[in-house]
Amino acid sequence: MLQQDSNDDTEDVSLFDAEEETTNRPRKSRIRHPVASFFHLFFRVSAIVVYLLCELLSSSFITCMVTIILLLSCDFWAVKNVTGRLMVGLRWWNHIDEDGKSHWVFESRKESSQENKTVSEAESRIFWLGLIACPVLWVIFAFSALFSFRVKWLAVVIMGVVLQGANLYGYIRCKVGSRKNLTSMATSYFGKQFLRQNTGDDQTS
């Protein structure tokens, strides 16, 4: 299944053209890809640890900066090309057509009733927890560096925000679908929260 967005040059496709699941199969809770799960967290957590302990580990700013950027780059490649596909069946990338036009493609693998390709709940939790928590920490580091006037570290933390934020946005697009679906989902969520709050206020009054 291939869908082309009307507002931007993005595509939402089914990963590897798998068939949609026709029967409800329980998700397995065990970790099916331990190596992928390890490296999904290893590079990004290591980058944060080095950033927090850099002054204790080394007196050289250049050494710490290069180490963090290398870890962030390895994390970006591993999460974008390996762990997302294996752990949650999602993948995104960009390609340029013959006319030189850039297209963003967001893939999601549909579970098949004929193949044992169900996503592990444990791996899914690990994937999304690491994917969301680490960019949030880099945003906090960015504000901390800005307000504490640690200007030399701004480039490093901005790199962390950009690289990990890009993966977060890409996989959210893969999970939710087109930008219209993402907007409608956010609107629906805040609408439900608003109605729930008003209902609670009416009951208390």
Side-chain angles (χ1 to χ4, degrees), residues 5 7-10 35-88 90-96 100-107 123-179 181-183 185-187 189-190 193:
D5 288 353
N7 294 333
D8 55 2
D9 297 323
T10 62
V35 176
S37 301
F38 172 78
F39 282 104
H40 177 72
L41 297 176
F42 174 76
F43 290 120
R44 53 183 51 214
V45 172
S46 296
I48 292 174
V49 171
V50 172
Y51 175 78
L52 293 175
L53 303 178
C54 59
E55 295 181 354
L56 298 176
L57 298 175
S58 174
S59 59
S60 173
F61 168 75
I62 299 299
T63 302
C64 293
M65 181 184 68
V66 171
T67 302
I68 294 172
I69 292 177
L70 284 175
L71 289 170
L72 289 172
S73 300
C74 292
D75 170 75
F76 179 81
W77 183 89
V79 173
K80 179 178 179 294
N81 297 297
V82 181
T83 63
R85 177 173 58 87
L86 293 178
M87 297 174 68
V88 292
L90 303 174
R91 187 170 64 179
W92 65 276
W93 80 92
N94 174 268
H95 73 91
I96 300 176
K101 197 172 184 180
S102 178
H103 297 272
W104 291 94
V105 181
F106 303 92
E107 289 184 335
E123 287 185 349
S124 180
R125 292 192 190 100
I126 293 173
F127 179 84
W128 289 107
L129 178 62
L131 195 71
I132 295 172
C134 292
V136 171
L137 289 177
W138 283 111
V139 171
I140 296 174
F141 294 158
F143 282 106
S144 175
L146 181 64
F147 292 134
S148 60
F149 300 103
R150 300 176 64 190
V151 180
K152 65 179 182 180
W153 287 104
L154 275 178
V156 178
V157 295
I158 289 174
M159 182 71 71
V161 172
V162 171
L163 290 179
Q164 297 195 355
N167 264 327
L168 177 60
Y169 174 77
Y171 281 114
I172 289 177
R173 287 293 305 273
C174 292
K175 185 71 173 179
V176 177
S178 66
R179 188 172 298 176
N181 293 338
L182 185 60
T183 304
M185 184 177 180
T187 303
Y189 172 78
F190 287 113
Q193 294 297 321

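In this chain, residues are counted from 1 in sequence order.
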Atom pair CZ (Phe39) and CG (Leu86), whose distance is rounded to the nearest 0.5 Å: 13.0 Å
Pairs flagged by salt bridge (charged side-chain N to carboxylate O under 4.0 Å, His left out) wherever residues 137-157 is involved - sequence neighbours left out: Glu55-Arg150
Nearest non-hydrogen partners of Met87 and Ser37, listed with the distance: CE-OG, 3.6 Å
Solution key, residues 65-77 side-chain donor-acceptor pairs under 3.5 Å, sequence neighbours excluded:
| residue | atom | partner | partner atom | Å |
| --- | --- | --- | --- | --- |
| Thr67 | OG1 | Thr63 | O | 2.7 |
| Ser73 | OG | Ile69 | O | 2.8 |
| Asp75 | OD1 | Arg44 | NE | 2.9 |
| Asp75 | OD2 | Arg44 | NH2 | 3.0 |

Partners passing ring-ring contact (aromatic ring centres under 6.0 Å, His included) against Phe141 (at least two apart in sequence or in another chain): Tyr51, Trp138
Residues which pass side-chain hydrogen bond (donor to acceptor under 3.5 Å, both in side chains) with Asn94, listed by chain and number, not counting sequence neighbours: Ser102
Sequence neighbours excluded - salt bridge (charged side-chain N to carboxylate O under 4.0 Å, His left out) pairs with any residue from residues 62-73: none
Close side-chain approach of Trp128 and Tyr171, heavy atoms under 4.5 Å: yes
Spatial distance of atom CG (Leu56) from atom SG (Cys64) [nearest 0.5 Å]: 9.5 Å
Approximate separation, where rounding is to 0.5 Å, of Trp104 CH2 and His95 NE2: 11.0 Å
Side-chain heavy atoms of Asn167 within contact of Leu163, under 4.5 Å: no
Parallel, tilted or perpendicular: ring planes of His40 versus Phe127, cut at 30 and 60 degrees: parallel
Atom pair CD1 (Ile96) and NZ (Lys101), whose distance is rounded to the nearest 0.5 Å: 12.5 Å
Atom of Ala145, atom of Leu154 and distance for their closest heavy-atom approach: CB-CD2, 4.0 Å
Interatomic spacing from CG in Leu41 to CG in Leu131 - rounded to 0.5 Å: 10.5 Å
Spacing of CZ belonging to Phe106 relative to CD1 belonging to Ile172, to within rounding of 0.5 Å: 11.0 Å
Set of side-chain contact (heavy atoms from CB on, under 4.5 Å) partners for Phe143, sequence neighbours left out: Val139, Phe147
Non-hydrogen atoms of Val88 and Ser124 that approach each other most closely: CG1-CA, 4.0 Å
Partner residues of Leu57 under the side-chain contact (heavy atoms from CB on, under 4.5 Å) criterion, sequence neighbours left out: Leu53
